[in-house]
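What follows is a single structure, written as structure tokens, with notes after it.
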Amino acid sequence: MMYLYIAIGFVLLLGGAEFLVKGSVGLARRVGVSPLVIGMTVVALGTSAPEFVVSLDAALENAAGIATGNIIGSNIANILLILGVTALIKPIKGDPSAIMRDGVILLGCSAVFTFLCTQGVLGFSSGAVLFGLFIAFLGYSYWRERHGDDPEAAELHAQEADEIESPENVWVMLLMTFGGIGAVVFGAELLVDGGTQVARQFGVSEEVIGLTMIAIGTSLPELAASGMAAIRGHTDVALGNVIGSNLFNILGVLGAVAMIQQLPVAEQLLDFDLWIMMGATVLLIPFMVTRWELSRKEGLVFAVAYIAYISAQAYGVDRVLELVQL
């Protein structure tokens with residue numbers, strides 16, 4: 001049953017997030033919300049809904065390892081797996097100034113998140129710091145783009161909104177929105193239950209389950225959105241999706257969850273996975289600086305690096321660290 005729970009949970013998360021985004025974007029268009037605002041808020045919130053609901057559900061069920069592991073693992077998967085696969089489909093190109101600015105902001109916020117994790121527990125105060133940074137980032141980005149100081153970013157967010165095809169009928173929009181929310185919530189419940197049972201049966205830590213299986217599952221909406229953007233030739237949208245999703249995950253998702261429920265940070269995350277996340281974030285900038293694109297060869301490097309990371313989890317992080325020390 002635990003495998004069935006996980007499989008159904010994945011399907012509901014992916015389908016629910018898709019329905020939620022399409023329905024909510026349609027409703028936002030119907031009430032006259034601009035493409036800029038839709039791209040910055042509705043699309044970002046919708047694609048990150050699985051991470052938020054899964055982490056919140058796990059935290060409330062006292063499975064903090066899944067809650068924190070899911071976010072750290074999702075950020076690693078977003079950079080190495082999603083950008084790697086996207087670049088294999090079509091090289092990723094973007095605006096140099098936007099890449100450098102957003103990349104530096106992501107790196108700085110990731111560093112703050114890592115520092116807070118090293119305190120051993122993400123409590124209300126840590127969550128408030130993270131969520132405050134999230135609100136400040138949204139406000140700053142909106143102000144710059146609304147006043148024309150950042151036309152490239154404004155165009156990118158508008159493109160993110162234009163990528164979403166929504167229904168015409170308002171009742172269908174409402175049904176998709178609320179049905180999507182229900183599917184994401186129920187899917188998250190099944191996924192956390194199934195993942196917890198797998199961890200108990202095979203003696204695997206909750207952190208490993210959250211970092212691998214559940215992280216990949218909650219990253220499926222970003223993978224689908226980025227893959228379709230690459231096929232359509234909008235690779236800058238794929239890059240924007242990943243950077244925005246990673247910022248939302250560590251600031252918005254874990255910030256909000258930590259304010260609701262205290263999250264102890266496991267030793268494995270402190271010793272290994274947080275630094276892999278930081279390394280992947282640092283790695284992203286110089287790769288993009290080379291000709292301001294992520295080529296197919298570089299995408300292959302990212303994808304292989306992710307396979308190596310998953311292999312390390314399967315082999316055992318403790319044994320990997322012992323080999324490194326030798």
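In what follows, residues are counted from 1 in the order of the sequence shown. Values reported hereafter were calculated over all heavy atoms of this structure, with side chains retained and with hydrogens, waters and symmetry mates removed.
The CD atom of Gln313 sits 12.0 Å away from atom CE of Met213, with the distance rounded to the nearest 0.5 Å. With rounding to the nearest 0.5 Å, the separation of CZ in Phe137 from CG in Leu251 is 8.5 Å. Distance check, rounded to the nearest 0.5 Å: CG of Leu191 to OH of Tyr5 gives 13.0 Å. Atom OH in Tyr309 sits 9.5 Å away from atom CG in Leu80 (nearest 0.5 Å). Distance check, rounded to the nearest 0.5 Å: CD1 of Ile209 to CD of Glu206 gives 9.0 Å.
No side-chain heavy atom of Leu130 sits less than 4.5 Å from a side-chain heavy atom of Ile250. Between Glu207 and Asp273 the shortest side-chain heavy-atom distance does not fall below 4.5 Å. Side-chain contact between Glu61 and Asp193 is present, with heavy atoms from C-beta onward closer than 4.5 Å. Contact of the Leu13 side chain with the Val184 side chain is registered, since non-hydrogen atoms from C-beta on lie closer than 4.5 Å. Inter-residue side-chain proximity for Leu81 and Ser219 is flagged as unmet; no heavy-atom pair is nearer than 4.5 Å. At least one side-chain heavy atom of Met277 sits under 4.5 Å from a side-chain heavy atom of Thr114.
Arg30 contributes no side-chain N or O that, together with a main-chain N or O of Asn169, makes up a donor-acceptor pair within less than 3.5 Å. With hydrogens and angles ignored, the 3.5 Å screen pairs a side-chain donor or acceptor of Thr218 with a backbone N or O of Ala215.
Side-chain contacts under 4.5 Å among hydrophobic residues (ILVMFWY), followed directly or transitively, place Leu88 together with Leu300, Val304.
Among Ile216, Ile79, Leu83, the one residue that satisfies the side-chain contact (heavy atoms from CB on, under 4.5 Å) test with Tyr306 is Ile216.
Taking the salt bridge (charged side-chain N to carboxylate O under 4.0 Å, His left out) definition, one finds that Lys90 meets it with nothing, sequence neighbours left out.
Hydrophobic cluster membership is shared by Ile260 and Val54, with clusters built from Ile, Leu, Val, Met, Phe, Trp and Tyr side chains linked at under 4.5 angstrom. Put simply, Ile307 and Leu211 are part of two different groups of oily side chains (I, L, V, M, F, W, Y) that touch within less than 4.5 Å, one to the next. Transitive grouping of hydrophobic side chains (ILVMFWY, heavy atoms separated by less than 4.5 Å) keeps Val185 and Leu175 in distinct clusters. Both Leu133 and Ile135 are part of a single hydrophobic cluster, where members link through side-chain heavy atoms under 4.5 Å apart. Criterion: ILVMFWY side-chain heavy atoms under 4.5 Å apart, direct or through other members. Under it, Ile8 and Phe19 are not part of a common hydrophobic cluster.
With hydrogens and angles left out, the side-chain atoms of Ser245 and Asn78 include a donor and acceptor closer than 3.5 Å.
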Do any side-chain atoms of residues 116-126 form donor-acceptor pairs under 3.5 angstrom with protein atoms, and if so which ones, sequence neighbours left out?
unit_1, atom_1, unit_2, atom_2, d
Thr118, OG1, Phe115, O, 2.4
Gln119, NE2, Phe115, O, 3.2

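Using cut-offs of 30° and 60° for the angle between ring planes, the Phe248 and Phe134 rings count as perpendicular.
Taking each heavy atom of Ala67 and Ala58 in turn, the nearest pair found is N-CB, 3.8 Å.
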